[in-house]
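Notes to accompany the following structure.
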Amino acid sequence: MDLDIVDSLLTTTRSVRKRLDLDRPVEPEVIERCIEIAMQAPTASNLQGWHFVVVQDPAKRAAIADIYRRAFAEYRAMQERRSPLWGPEDLRAVQRMRIGPSSGYLAENMHRVPVLILPCVESEMAEVPHLSEVREHASLYNATIYGSILPAAWSLMLALRARGLGAAWTTLHLMYEAEAAQVLGIPEQVVQAALLPVAYYTGSGFRSAKRLPAGELTHWDGWEGTR
Ligand SMILES: Cc1cc2nc3c(=O)[nH]c(=O)nc-3n(C[C@H](O)[C@H](O)[C@H](O)COP(=O)(O)O)c2cc1C
């Protein structure tokens with residue numbers, strides 16, 4: 001494998017918000033190909049209960065964007081309610097996020113993004129009756145359900161990025177998941193995992209992000225272990 005290319009894709013696939021080209025249409029064939037690639041990701045027991053709801057219709061995009069904006073405002077209000085209690089550690093964490101203006105821009109312009117993709121997964125399957133028993137083990141159930149869509153959703157972002165399309169991983173609309181399901185006719189047993197606004201990106205490449213040191217967060221042979 002060409003590690004330069006692979007590593008560059010893996011380290012520069014950013015959440016794109018301000019650099020989404022809101023005027024350039026996205027070809028459905030490109031989206032279809034990227035979804036095909038994404039579906040090479042793992043799913044529990046190879047069940048493939050995944051679904052990708054691709055929203056191009058302007059009225060539906062506007063409805064989903066409206067839900068997102070409401071959730072975003074709610075989230076901002078939560079932050080503001082809490083901020084008087086923040087100590088220096090919390091402030092540092094919030095500063096590390098540093099996504100304020102960019103996430104506000106996305107919230108304001110979500111309806112203008114040419115394609116919205118909602119990766120979804122079936123939370124109950126007639127052919128897997130034991131899933132209801134798995135549900136009794138919350139961690140296992142959550143890991144099984146979300147683990148059967150999130151790897152594919154990330155692959156989708158990578159495949160898009162490789163073709164000059166940016167996306168942003170977002171989840172805030174899930175505050176009103178049922179409303180979004182109603183707009184799009186998503187059945188009750190289908191769980192939405194994210195909302196990816198997708199568009200060609202403007203400018204050239206992206207840089208790797210500053211992250212915490214991997215060594216500090218890697219535990220060898222147990223939590224306390226170092227290499
Ligand atoms: C589970 C999850 C939920 C997120 N939800 C949102 C969101 O609702 N809105 C948003 O603008 N970004 C959201 N993000 C994007 C993060 O803010 C972003 O990944 C982080 O700031 C790092 O930036 P990068 O993806 O460009 O490296 C989410 C990311 C993850 C993994």
Side-chain angles (χ1 to χ4, degrees), residues 6-22 38 41 50 52-53 55 61 63-80 82 90-121 139 142-143 145-162 164-181 183 191-214 217:
V6 174
D7 291 358
S8 155
L9 177 68
L10 290 171
T11 55
T12 65
T13 301
R14 298 268 74 78
S15 296
V16 186
R17 302 182 186 91
K18 285 187 168 176
R19 284 176 54 192
L20 293 171
D21 188 338
L22 303 175
W50 41 29
F52 301 83
V53 182
V55 191
R61 277 189 289 137
I64 298 297
D66 182 58
I67 292 170
Y68 184 83
R69 244 187 313 276
R70 249 186 297 139
F72 183 79
E74 186 99 355
Y75 185 69
R76 273 280 154 89
M78 284 178 201
Q79 279 182 328
E80 273 161 32
R82 287 284 166 172
D90 307 304
L91 268 176
R92 262 196 291 282
V94 169
Q95 274 158 4
R96 196 169 66 224
M97 297 182 214
R98 283 182 33 210
I99 57 161
S102 149
S103 60
Y105 172 87
L106 178 64
E108 277 164 32
N109 291 284
M110 185 71 91
H111 60 290
R112 299 176 58 205
V113 182
V115 179
L116 305 178
I117 304 181
L118 292 91
C120 300
V121 63
S139 296
N142 290 335
I145 298 301
Y146 288 102
S148 294
I149 186 61
L150 301 185
W154 178 238
S155 289
L156 176 59
M157 273 184 68
L158 294 170
L160 289 165
R161 157 85 172 102
L165 290 135
W169 193 289
T170 82
T171 48
L172 283 175
H173 87 285
L174 294 174
M175 234 181 252
Y176 304 110
E177 182 182 8
E179 243 185 271
V183 170
V191 169
Q192 300 165 45
L195 164 63
L196 308 179
V198 175
Y200 281 99
Y201 54 77
T202 59
S204 47
F206 294 91
R207 275 189 291 223
S208 336
K210 195 166 171 342
R211 296 291 200 234
L212 298 170
L217 302 167

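Heavy atoms only: backbone and side chains are in, while hydrogens, waters and symmetry mates are out. When a ligand or atom number is given, it counts from 1 through the structure's own listing order.
Counting heavy atoms under 4.0 Å from ligand 1, residue Arg17 touches it through the side chain alone. Of all the heavy atoms of Met157, none lies under 4.0 Å from any atom of ligand 1, so neither backbone nor side chain is involved.
Taking the six-membered ring where tryptophan is involved, the planes of Trp50 and Phe52 are tilted, since the angle between them lies from 30° to 60°.
Taking only non-hydrogen atoms, the option from Leu174, Thr171, Leu172 nearest to atom 4 (C) of ligand 1 is Thr171. Residue Ser15 holds the heavy atom nearest to atom 23 (O) of ligand 1 of all those in Gly166, Ala209, Ala107, Ser15.
Judged by distance alone, the side chain of Thr202 and the main-chain N or O of Asp21 form no donor-acceptor pair under 3.5 Å.
Contacts of Leu158 classified as side-chain contact (heavy atoms from CB on, under 4.5 Å), with partners at least two apart in sequence or in another chain: Leu9, Leu10, Thr13, Trp154.
For Arg211, the heavy-atom gap to ligand 1 drops under 4.0 angstrom. Taking a 4.0 Å cut-off on heavy atoms, Tyr68 registers as neighbouring ligand 1.
Looking at heavy atoms from C-beta onward, Phe72 lies out of side-chain contact with Thr170 at the 4.5 angstrom threshold.
With rounding to the nearest 0.5 angstrom, the OG1 atom of Thr12 is 3.5 Å from the CZ atom of Arg161.
Taking every non-hydrogen atom of Arg14 and a distance limit under 4.0 Å, the qualifying atoms of ligand 1 come out as 24 (P), 26 (O), 27 (O). Contact atoms of ligand 1 toward Ser103: 11 (O) (distance under 4.0 Å to a heavy atom of the residue).
Phe206 carries Arg19 over the face of its six-membered ring, with the cationic atom under 6.0 Å from the centre and within 45° of the normal.
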